[in-house]
Amino acid sequence: MDVDGARYDYRVERNAVTRTRVIRGGRTAGKAECFLLFLEPDGTSELHGLKQAPDCALSDGATGRQLVKAALTLARKGKATSMTLTDLSAKETGSGKKIRLADMYFLTTGQTWYESVIPGLVPVDNAEMIAEWRERVRTNTWDSVAQGLRVRGVIIPSEFTDGIDTGHVGSAMVVLRRIKDAGTDLFADYGEKLLLASGIGPLYRTDWRVTL
């Protein structure tokens, strides 16, 4: 199967009792799959265990975004009308530390990583609260977030605030985006404190659904 120039292998298994189809996608037979897609008889589907690795695609240079789109393509081919997933998106820094992509992307763009890949994705629960968090991260000043970090013993290097009006509405997102783009370990080391200082809770492990 080709998705945006990337080629993927997948295998389909069927449960004769429940009539659920299970698609193991992203690696050839004999290797652990890169995602599991459950297609239910009622038209719903669930995406589980998505994990990007260099050998998930049969072609070189494929990305995690292409892997998600591969799962979406298979869900649509399987006549699913919706897909649900739990956001466990993460990546390792160059030093081997783990960053939770849902939280980092939300703080730096106002949406989760999965939202940036899947148009129309909506939270299964706590939609109003997440909407409030979204508005908060988009309007926070860096002065207010920095104060919350100082209370928690975290000082962010001044290089990330150079030339920015840190009292301006939305300046926190600008600074946090600089930190993200620099590829530092700050989100891995202080992810929870960055959330608290920003006045929001974690997006990691939240459930999302999209109509197909």
Side-chain angles (χ1 to χ4, degrees), residues 35 47-53 63-65 67-68 84-210:
F35 64 81
L47 179 63
H48 291 270
L50 186 136
K51 186 175 182 180
Q52 169 65 7
T63 66
R65 292 177 180 274
L67 188 63
V68 173
T84 303
L85 60 90
T86 299
D87 195 333
L88 300 173
S89 56
K91 74 171 186 178
E92 287 189 357
T93 67
S95 61
K97 295 181 179 180
K98 183 178 179 180
I99 293 178
R100 293 178 173 179
L101 289 180
D103 297 334
M104 182 177 72
Y105 265 76
F106 199 81
L107 285 172
T108 57
T109 69
Q111 61 179 357
T112 66
W113 180 78
Y114 271 112
E115 284 183 286
S116 73
V117 182
I118 306 174
L121 196 67
V122 296
V124 174
D125 300 305
N126 302 318
E128 290 186 6
M129 181 176 65
I130 290 174
E132 290 178 9
W133 290 352
R134 204 185 304 277
E135 178 65 16
R136 195 168 297 165
V137 299
R138 287 173 172 166
T139 57
N140 276 342
T141 68
W142 178 248
D143 286 344
S144 65
V145 173
Q147 175 59 28
L149 289 171
R150 283 194 291 271
V151 169
R152 295 169 175 85
V154 179
I155 304 296
I156 300 298
S158 60
E159 65 189 85
F160 296 113
T161 59
D162 289 345
I164 294 175
D165 180 355
T166 56
H168 190 269
V169 171
S171 58
M173 184 177 287
V174 177
V175 175
L176 291 169
R177 194 176 297 126
R178 282 187 176 183
I179 294 171
K180 168 184 171 291
D181 293 344
T184 71
D185 284 345
L186 290 173
F187 274 98
D189 292 337
Y190 306 119
E192 183 176 351
K193 292 180 179 180
L194 285 167
L195 291 173
L196 291 170
S198 301
I200 72 169
L203 278 298
Y204 187 75
R205 292 189 181 278
T206 51
D207 295 329
W208 300 80
R209 180 178 296 117
V210 63

Practice task
Sort out for me which residue in Met104, Lys98, Lys97 forms a side-chain contact (heavy atoms from CB on, under 4.5 Å) with Phe187.
Solution key: Met104
Practice task
Could you pull out the closest heavy-atom pair between Leu203 and Asp103, with the gap in Å?
Solution key: N-OD1, 2.6 Å
Completion exercise
Value for CZ (Phe106) from CZ (Arg136), rounded to nearest 0.5 Å, stands at 10.0 Å
Problem - Any side-chain heavy-atom pair of Trp208 and Tyr114 under 4.5 Å - result: no
Exercise for the section: Work out which heavy atom in Ala172 is nearest to a heavy atom in Val145; give both atom names and the distance. Expected result: CB-CG2, 3.7 Å
Exercise for the section: Kindly indicate whether the side chain of Thr161, heavy atoms from C-beta on, has any atom under 4.5 Å from the side chain of Ile156. Expected result: no
Practice task
Might you point out which heavy atoms bring Pro119 and Val210 nearest each other, and give the distance in Å?
Solution key: O-CG2, 3.6 Å
Handout entry: Side chain to side chain, Leu186 and Val154, heavy atoms closer than 4.5 Å
Key = no
Problem - Approximate separation, where rounding is to 0.5 Å, of Ser116 OG and Leu121 CG - result: 10.0 Å
Problem - Residues which pass salt bridge (charged side-chain N to carboxylate O under 4.0 Å, His left out) with Asp207, listed by chain and number, not counting sequence neighbours - result: none
Problem - Side-chain donor or acceptor of Arg178 paired with backbone N/O of Val174 under 3.5 Å - result: no
Problem - N/O donor-acceptor pair under 3.5 Å between Thr112 side chain and Glu115 backbone - result: yes
Exercise for the section: Would you check if the side chain of Thr108 reaches a backbone N or O of Leu176 as a donor-acceptor pair within less than 3.5 Å? Expected result: no
Exercise for the section: Report, as yes or no, whether the 6.0 Å neighbourhood of atom CD on Glu128 holds more than 12 heavy atoms from other residues, nucleotides or ligands. Expected result: no
Practice task
Check whether any side-chain heavy atom of Trp142 lies under 4.5 Å from a side-chain heavy atom of His168, and answer yes or no.
Solution key: no
Exercise for the section: Determine yes or no for a side-chain-to-main-chain donor-acceptor pair under 3.5 angstrom, with Arg209 supplying the side chain and Thr84 the backbone. Expected result: no
Practice task
Might you point out which heavy atoms bring Lys193 and Arg152 nearest each other, and give the distance in Å?
Solution key: NZ-O, 3.2 Å
Handout entry: Interatomic spacing from CD1 in Ile99 to NZ in Lys180 - rounded to 0.5 Å
Key = 9.5 Å
Exercise for the section: Apply side chain to side chain contact (heavy atoms under 4.5 Å, CB included) to Ile155 and Arg150, showing your working. Expected result: CA-CA 6 Å; Ile155 304 296; Arg150 283 194 291 271; 3.4 Å; yes
Exercise for the section: Check whether any side-chain heavy atom of Leu149 lies under 4.5 Å from a side-chain heavy atom of Leu194, and answer yes or no. Expected result: yes
Exercise for the section: Determine whether Phe35 and Leu85 make a side-chain contact, defined as any pair of heavy atoms from C-beta on separated by less than 4.5 Å. Expected result: no
Fill in the blank from the handout: Heavy atoms of Arg138 and Gly110 approach each other most closely as NH2-O, 3.7 Å
Practice task
Check whether any side-chain N or O of Thr93 sits under 3.5 Å from a backbone N or O of Ser95 as a donor-acceptor pair, and report yes or no.
Solution key: yes
Practice task
Go through the steps for Asp87 and Thr206 under the test side chain to side chain donor-acceptor pair (under 3.5 Å), then give the verdict.
Solution key: CA-CA 6 Å; Asp87 195 333; Thr206 51; 5.0 Å; no
Problem - Sequence-distant partners of Lys51, side-chain contact (heavy atoms from CB on, under 4.5 Å), two or more places apart - result: none
Problem - Validation row: Pro123, Met129 side chains within 4.5 angstrom (heavy atoms) - result: no
Exercise for the section: Please report the closest heavy-atom contact between Trp113 and Ser89, naming both atoms and the distance. Expected result: CE3-CB, 3.9 Å
Problem - Under 3.5 Å: donor-acceptor pair, side chain of Arg100, backbone of Arg205 - result: no
